[in-house]
Amino acid sequence: MRIRAELATVAVALTLLAGCSGGSDDSGGDDRAERPTYPRTATGTLEELAEQASCDPNVQTDAAELRQANCRTKDGRYILTTFATDRGLREWINESKDYGGTYLVGRKWVASGDGKVVTALRGRLGGTVESSSHHSGGDHGSGGGGTEDEHSGHH
């Protein structure tokens, strides 16, 4: 019996210590001053998310698997996309990362744009920032895969 009581005491102590580890949003102290806080990740339709982000969405794609709109706020321009499935979202992000960029990711939605814009948007929609610097610029749709050097100094 004594061993069980000791194990129970250790388990309670570990649980209390884990709760004080700074991982929760309601911890007090100096952690709040050092780390910004973000709202709970938003959910909803394209229009509901756009409203939360203070955007009047200009819908460009309205398909069963995804809906996409151009948005402009005081912070800048970005593209807001909603997906029918989590898998569709993940596949889209994985393919998009080949082009580089910054993405604010929620459940069945993503906002893509400049890092500064995405960071500001996170303050309204929550979510997780993902980024890729795979491609540094240029025409993503050319399919040529060439470099700028190939176009100068032809012999």
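Side chains are part of it too, since the values below use all heavy atoms of this structure and drop only hydrogens, waters and symmetry mates. For this chain, numbers begin at 1 and follow the sequence in order. The structure presented is a predicted model; accordingly, all values stated were derived computationally and were not measured.
- Panel note: side chain Arg72, backbone Cys55; no donor-acceptor pair is recorded below 3.5 Å.
- Between Asp75 and Lys116 there is no side-chain heavy-atom pair separated by less than 4.5 Å.
- Considering all non-hydrogen atoms of both residues, Arg124 and Ala53 come closest at NE-O, 3.2 Å.
- Environment of CD in Glu51: sparse, with no more than 12 heavy atoms of neighbouring residues, nucleotides or ligands closer than 6.0 Å.
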As a quick check of understanding, evaluate side-chain contact (heavy atoms from CB on, under 4.5 Å) for Leu46 and Val59, giving each step before the final call. CA-CA 9 Å; Leu46 181 72; Val59 177; 3.9 Å; yes

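- Note that the CD atom of Glu95 and the CG atom of Asp98 stand 7.5 Å from one another [nearest 0.5 Å].
- Remark: Arg90 pairs with Glu130 by the salt bridge (charged side-chain N to carboxylate O under 4.0 Å, His left out) rule, at least two apart or across chains.
- Going from atom CD of Gln68 over to atom CD of Gln60 covers 8.0 Å, rounded to the nearest 0.5 Å.
- Residues satisfying the side chain to side chain donor-acceptor pair (under 3.5 Å) criterion with Asp62, sequence neighbours excluded, are Arg67.
- In this structure, CD1 in Ile79 is found 9.5 Å from OH in Tyr103, a value given to the nearest 0.5 Å.
- The line from CG of Asp56 to OG1 of Thr73 is 12.0 Å long, rounded to the nearest 0.5 Å.
- Here ring pair (Phe, Tyr, Trp, His ring centres under 6.0 Å) pairs that include residues 56-87, with residues two or more places apart or in two chains, are Phe83-Trp92.
- Note that the CG atom of Asn94 and the OG atom of Ser132 stand 10.5 Å from one another [nearest 0.5 Å].
- The side chain to side chain donor-acceptor pair (under 3.5 Å) check on Thr82 picks up nothing, with sequence neighbours excluded.
- Screening Thr119, Asp114, Val117, Val129 for a side-chain contact (heavy atoms from CB on, under 4.5 Å) with Thr102, the sole residue that qualifies is Val129.
- With sequence neighbours excluded, no residue satisfies side chain to side chain donor-acceptor pair (under 3.5 Å) with Arg77.
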Starting from the C-alpha separation in whole Å, work towards a yes-or-no answer on side-chain contact (heavy atoms from CB on, under 4.5 Å) for Tyr38 and Leu125. CA-CA 8 Å; Tyr38 299 102; Leu125 296 179; over 6 Å; no

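- A pairwise comparison of heavy atoms in Ser112 and Val118 identifies C-CG2, 4.4 Å as the closest pair.
- Expressed to the nearest 0.5 Å, how far CD of Glu65 lies from CG of Leu89 amounts to 13.5 Å.
- Across all their heavy atoms, Leu49 and Ala42 have their closest contact at CD2-CB, 3.7 Å.
- Residues Ala84 and Lys108 approach most closely at O-NZ, 3.5 Å, considering heavy atoms.
- Ala69 and Pro57 make their closest contact through CB-CB, 3.7 Å (heavy atoms, listed as atom of the first residue, atom of the second, distance).
- Cluster annotation: Val105 and Leu80 are assigned to distinct hydrophobic clusters (Ile/Leu/Val/Met/Phe/Trp/Tyr, side-chain heavy-atom contacts under 4.5 Å, transitive).
- Between Asp86 and Arg107 a salt bridge is recorded (basic side-chain N to carboxylate O distance below 4.0 Å).
- Under the salt bridge (charged side-chain N to carboxylate O under 4.0 Å, His left out) criterion, Glu48 pairs with no residue, sequence neighbours left out.
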